[in-house]
Amino acid sequence: MDYNFREIEKKWREYWIANEVYRVKENPARPKYYVLDMFPYPSGAGLHVGHPLGYIASDIYARYKRLRGFNVLHPMGYDAYGLPAEQYAIQTGQHPAITTVKNINRYREQLDKIGFCFDWDREVRTCDPKYYHWTQWAFQKMFNSYYDNAQGQARPVAELVEHLQKHGTEGLDAACSEEMSFTAEEWNAMGEKQQQETLMNYRIAYLGETMVNWCPQLGTVLANDEVIEGVSARGGYPVVQKKMRQWCLRVSAYAQRLLDGLETVDWTDSLKETQRNWIGRSEGTEVRFRVKDSDLEFTIFTTRADTMFGVTFMVLAPESELVAQVTTEAQRAEVEAYLDRTKKRTERERIADRKVTGVFTGAYAINPFTGDAVPIWVSDYVLAGYGTGAIMAVPAHDSRDYAFAKHFGLPIVPLVEGCDVSEESFDAKEGIVCNSPREGVEPYCSLNLNGLSIKEAIAATKKYVKEHNLGRVKVNYRLRDAIFSRQRYWGEPFPVYYKDGMPYMIDEKKLPLELPEVAKFLPTESGEPPLGHATKWAWDVAKGEVVDNTLIDNTTVFPLELNTMPGFAGSSAYYLRYMDPHNDEALVSKEADAYWQNVDLYVGGTEHATGHLIYSRFWNKFLFDLGISVKEEPFQKLINQGMIQGRSNFVYRIKDTNTFVSLNLKEGYEVTPLHVDVNIVSNDILDIEAFRNWRPEYKDAEFILEDGKYVCGWAVEKMSKSMFNVVNPDVIVEKYGADTLRLYEMFLGPIEQSKPWDTNGIDGVHRFLKKLWALFYGKDGWQVTDGEPTAEELKALHKLIKKVTQDIENFSYNTSISAFMICVNELTSLKCNKRAILEQLIIVLAPFAPHVAEELWHTLGHETTVCDAPWPTYNEDYLKENTAVYAISFNGKVRYNLELPADMPKEEVEQAAIIHENSAKWMAGKSVKKVIVVPKKIVNIVIG
RNA sequence: GCUCGAAUGGUGGAAUCGGUAGACACGAAGGACUUAAAAUCCUUUGGCUAUUGCAGCUGUGCGGGUUCAAGUCCCGCUUCGAGUACCA
């Protein structure tokens with residue numbers, strides 16, 4: 001009987017469904033384990049072989065954990081809101097909901113063929129009202145919360161209001177958009193609208209007038225992580241800066257906790273580093289500078305407090321309000337011309353063209369450490385959005401200041417002993433400080449940094465600044481608040497209505513607020529978002545329901561918000577929803593959350609490092625503050641699977657002919673390389689017949705062959721339709737089966753590494769499954785016997801169990817598949833067909849190739865699924881049957897391995913250790929004092 | 001520019017702590033079975049020299065270093081990839 005994977009795989013897929021093998025319930029008697037994949041956006045193109053890579057990896061781990069006795073939660077769902085469905089709707093008029101459902105069904109069909117152990121009963125879709133109910137709910141909670149810095153957590157806005165009523169801003173330490181200062185009397189005297197506007201300064205979800213990334217082509221704003229090098233991540237359209245009133249999330253309030261949390265999670269260092277860079281903590285000092293001949297003062301931020309004595313000019317950002325205040329009459333025209341010019345330049349132009357530009361304001365600032373009056377300039381190399389929008393320039397020790405000083409002929413004062421600043425600045429934070437203060441100059445202040453290291457000088461200056469009230473020690477973050485509005489249709493509607501220009505939340509009990517129907521998916525004529533087309537999009541407060549726009553009276557019926565939420569809204573807390581997906585009372589019940597806690601293993605791509613993985617952590621921390629989530633970090637361990645690139649094939653057409661020349665014969669011809677569909681190429685050999693049938697224009701193609709074959713060229717490129725290098729998993733499953741696909745994807749290399757998909761080589765793992773099958777079925781059919789296993793057979797098996805157990809724990813699946821191949825080859829040559837061996841082999845294979853394992857498991861006479869078999873433990877004794885590996889150490893330190901027969905007497909082992917080739921030379925001139933063979937077979941040689 | 005990571009045969013990739021580099025697989029070459037093909041099995045396969053005998057030299061991007069011993073550790077480069085970009 002041959003290995004008939006088609007029949008086997010179909011049979012067990014149906015069995016798993018019929019018997020609900022992958023349904024999982026909370027069970028306090030068993031330890032939990034939560035394995036999660038980043039849920040996919042169901043695109044119209046369907047899955048290619050790259051997509052399941054991570055799913056297979058996590059599936060293997062989930063199955064392994066289950067075999068080890070864990071109650072494993074392994075769900076799957078869809079990130080169903082998004083731009084492509086909407087763009088498609090604009091082009092075709094097809095409602096995004098219809099496209100989305102169609103795509104989801106296609107995805108599901110493809111996923112089902114690969115044999116995943118997902119509990120589909122827990123599926124979530126972000127566009128389902130039952131799901132986005134809780135996205136809207138969380139948003140309302142954020143609106144009704146502020147961040148208390150003193151307590152280090154989110155608190156209800158009601159507490160803030162109470163504080164303001166009693167004390168005003170006195171004693172308030174809250175995250176805010178701008179520092180405010182007013183008394184309780186002033187607060188109480190404010191009208192409703194003014195109070196609401198004031199509270200906006202503190203809410204975690206707030207409406208803010210901020211500079212946003214506006215993408216005209218997409219007609220929407222984008223978050224920072226959705227913009228890459230000045231163009232939109234989706235579509236690659238230009239993005240410009242624009243001031244707009246938008247919903248924002250006060251992610252910045254959580255910057256320090258997001259940073260600290262990284263210490264507690266088990267992620268790769270590179271991913272943690274990426275997040276640290278994105279959060280961009282920088283510890284520095286704020287120092288006040290007085291403007292000469294004026295009452296004005298302004299504050300700068302610096303991380304190099306040690307360079308106070310080298311300040312030779314000041315620079316303001318063009319957007320800074322100070323520019324207008326300090327500019328002298330004489331310079332006003334010139335400054336305004338400069339501001340005009342910079343305003344016109346987009347960010348992209350500023351990045352592309354890094355010419356040094358700037359203008360003198362005519363004003364001078366007094367350096368509080370030297371008393372020097374230094375000129376104040378304006379330049380676009382200083383950013384308004386970071387720090388205070390003003391800097392002190394130390395050209396000797398900052399390359400940007402240096403370029404500026406050189407360009408405008410400003411003085412450069414070096415402050416580090418022995419540094420050379422004639423060609424470039426000395427930016428390194430090392431060396432001994434000098435010129436602080438300068439020799440021969442009457443000291444202006446009592447601070448003297450000369451002779452200190454830079455580190456000491458920074459500390460000394462900070463201390464001085466604090467003691468003399470010149471400023472304060474300050475921590476800045478690069479992380480900005482997340483812009484949360486999108487001018488789009490296909491997203492979660494905000495549960496918000498407007499009264500007197502201020503937003504109000506609709507009653508929590510009336511959620512979800514469902515997405516309305518619209519006639520068109522484009523912005524309205526007046527430039528409002530697509531929801532502006534909805535005719536039934538007003539909120540009746542009295543009735544608590546959506547009513548026709550015509551009923552708006554602004555007393556009981558109000559207009560609803562026209563923006564929708566961004567993509568990351570729905571994906572920020574989905575892992576919590578999987579714990580309790582059918583709950584209509586809460587995002588997740590206390591019981592379910594207490595049991596499942598958080599995700600133990602999260603598998604997905606690095607592309608979400610600064611988007612989803614930041615937002616999700618923020619969102620979860622917020623829910624943690626509210627007592628909804630029991631764990632502060634949502635994803636304990638994170639594995640980033642690499643991207644699968646395409647491997648394109650080329651044919652070479654001789655110019656102006658319909659003749660194609662094989663790869664190694666193309667020298668001497670003028671050829672055009674053309675992409676050819678990889679599905680009609682095998683091991684880089686072109687299927688000529690298939691090629692002729694591929695395109696009508698190739699029907700009469702001629703070929704110049706080498707050795708009777710047409711050899712194609714190849715290159716690694718992105719997997720895409722236009723390169724004809726897309727490989728569909730369905731095709732692989734049809735030809736080789738799901739188990740082969742699973743094994744092959746893992747065999748390609750380490751999970752975390754990006755690599756091109758190359759179907760060459762898949763025969764190797766398919767052959768392995770056939771060999772495995774042949775252990776059970778010989779020419780005469782089923783051949784498993786009940787004999788006692790031999791030592792050699794046990795050794796082969798236990799070597800495998802040991803290796804696979806260790807490899808799975810390390811996510812080193814490619815090497816465990818090698819181990820399987822070795823084991824099966826050994827058992828084949830031993831002609832082993834003993835149940836005791838084969839049964840255990842199947843169990844360890846089950847996570848990798850579940851279908852064939854299930855088939856053989858049942859044929860061995862088991863009634864229940866292999867998924868619940870006990871994972872075998874390995875016995876070291878079997879492994880030491882014939883040879884023993886002696887670890888040899890010298891003086892208890894250095895070691896190497898020596899393989900010797902296990903029954904070799906102790907004295908001979910000692911002798912062998914001494915005469916081992918590598919060490920013999922070295923020991924020739926030394927006397928060996930003592931050789932000790934210890935029980936664990938470590939030989940220690942002590943040298944005199 | 002900065003940060004992080006990588007570089008091993010024709011190819012994908014192995015190699016716990018520094019201890020016989022190239023496991024496993026693909027591809028290739030030769031052979032067995034077969035009318036033939038497919039499938040299956042066997043042998044060889046880093047390079048160079050030798051080969052009806054054994055073996056020898058060389059070899060993990062480049063140049064140094066530490067060590068009895070380096071793919072692995074240290075210093076300096078080169079190339080590639082990822083992230084980030086006037087963040088003071």
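These numbers come from the heavy atoms of this one structure, side chains and all, not from hydrogens, waters or symmetry mates. A, B, ... follow the sequence lines: proteins, then strands. Residue 1 opens every chain.
You'll find the ring centres of Y477(A) and W278(A) outside the 6.0 Å limit. For Y777(A) and Y3(A), the ring centers are positioned 6.0 Å apart or more. Annotation: H766(A) is in aromatic contact with F5(A) [ring centroid separation under 6.0 Å].
Comparing rA88(B), rC86(B), rU84(B) by their closest approach to the side chain of V382(A) singles out rA88(B). Of the listed nucleotides (rA88(B), rU3(B), rC41(B)), rC41(B) has the atom at the smallest distance from the side chain of K771(A).
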Stepwise side-chain contact (heavy atoms from CB on, under 4.5 Å) test for Y744(A) and Y736(A)
CA-CA 10 Å; Y744(A) 188 55; Y736(A) 296 99; over 6 Å; no

Which is it for V678(A) and T759(A) under the side-chain contact (heavy atoms from CB on, under 4.5 Å) test, yes or no, and what are the steps along the way?
CA-CA 9 Å; V678(A) 292; T759(A) 310; over 6 Å; no

Please step through side-chain contact (heavy atoms from CB on, under 4.5 Å) for the pair M392(A) and N367(A), ending with a clear verdict.
CA-CA 9 Å; M392(A) 61 177 215; N367(A) 183 335; over 6 Å; no

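As rounded to whole Å, 15 Å separates atom P of rA23(B) from atom CD of E826(A). We find that CD of E752(A) is positioned 15 Å from C1' of rG81(B), with the value rounded to whole Å. Per the geometry, CD1 belonging to I817(A) stands 11 Å off C1' belonging to rA25(B), to the nearest Å. Spacing between atom CH2 of W377(A) and atom P of rC86(B) amounts to 22 Å, rounded to whole angstrom units. Atom CD of E319(A) and atom C1' of rC86(B) are 13 Å apart (whole Å). The distance from atom NZ of K272(A) to atom C1' of rG5(B) is 16 Å, rounded to the nearest whole Å. Remark: C1' of rU40(B) and CZ of F768(A) are 17 Å apart, rounded to the nearest angstrom. Put simply, CD1 on I762(A) is 12 Å from P on rC26(B), counting in whole angstrom units.
Rounded to whole Å, the P atom of rC54(B) lies 35 Å from the corresponding atom of rA36(B). If you take atom C1' in rG18(B) and the same atom in rA70(B), they sit 6 Å apart, rounded to whole Å. Taking atom P in both rA69(B) and rC80(B), the straight-line distance is 35 Å, to the nearest Å. Between the C1' atoms of rA7(B) and rG71(B), the separation comes to 11 Å (whole Å). Distance noted for atom C1' between rG30(B) and rG81(B): 41 Å (whole Å). Remark: the separation of the C1' atoms in rG61(B) and rA23(B) is 23 Å, to the nearest Å. Rounded to whole Å, the P atom of rU60(B) lies 22 Å from the corresponding atom of rC24(B). Going from the C1' atom of rA21(B) to that of rG59(B) covers 9 Å, rounded to whole Å.
Across all strands shown, R767(A) has heavy atoms under 4.0 Å from sugar-phosphate atoms exclusively, and none from any base. Within 4.0 Å of N825(A), counting heavy atoms only, lie sugar-phosphate atoms of the nucleic acid but no base atom.
With salt bridges taken as basic N to acidic carboxylate O contacts below 4.0 Å, one links E263(A) and R276(A).
In rC74(B) the O4'-C1'-N dihedral to the base is more than 90° from 0, which defines an anti nucleotide. In this structure, rG47(B) shows a glycosidic angle more than 90 degrees from zero, which is the anti conformation.
Pair assignment for rC33(B) gives none, since no Watson-Crick or G-U wobble pairing has each distance under 3.5 Å. Partner assigned to rC17(B) is none, using Watson-Crick or G-U wobble distances below 3.5 angstrom. Pairing for rU52(B) is absent, judged as Watson-Crick or G-U wobble with the two contacts each under 3.5 Å. Remark: rG5(B) base-pairs with rC80(B). Criterion, Watson-Crick or G-U wobble with two distances under 3.5 Å. The partner of rA88(B) cannot be assigned: no Watson-Crick or G-U wobble pair with both contacts below 3.5 Å exists in any strand. A 3.5 Å limit on both hydrogen-bonding distances identifies no Watson-Crick or G-U partner for rA39(B). Pair assignment for rG10(B): rC26(B), on the basis of Watson-Crick or G-U wobble contacts that are both within less than 3.5 Å. The partner of rG46(B), taking Watson-Crick or G-U wobble pairs whose two distances both stay under 3.5 Å, is rU58(B).
Between R304(A) and W278(A), the one whose closest nucleotide on RNA chain B sits nearer the 5' end is W278(A). Toward the 5' end of RNA chain B, the nearer of the two residues T610(A) and N760(A), judged by each one's closest nucleotide, is N760(A).
Put simply, the residue from V413(A), T461(A), D401(A), V394(A) that forms a side chain to side chain contact (heavy atoms under 4.5 Å, CB included) with T307(A) is V394(A).
Close to rU40(B), at under 4.0 Å from its OP1 or OP2, lies a side-chain N or O of K770(A). Taking only side-chain nitrogens and oxygens, Y386(A) comes nearer than 4.0 Å to OP1 or OP2 of rA88(B). Proximity of R276(A) to the phosphate of rC4(B): no side-chain N or O atom is located under 4.0 Å from OP1 or OP2.
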Below 3.5 Å between N/O atoms, which protein atoms pair up with nucleotides 12-14 of chain B? Just atom names and distances, please.
unit_1	atom_1	unit_2	atom_2	d
rG12(B)	O2'	L748(A)	O	2.7
rG13(B)	OP1	Q753(A)	NE2	2.8
rG13(B)	O3'	N814(A)	ND2	3.4
rA14(B)	OP1	N814(A)	ND2	3.3

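Residue-environment remark: CG (D427(A)) exceeds the threshold of 12 foreign heavy atoms within 6.0 Å. The local environment of CG in D2(A) is sparse, with at most 12 non-hydrogen atoms from other residues, nucleotides or ligands closer than 6.0 Å.
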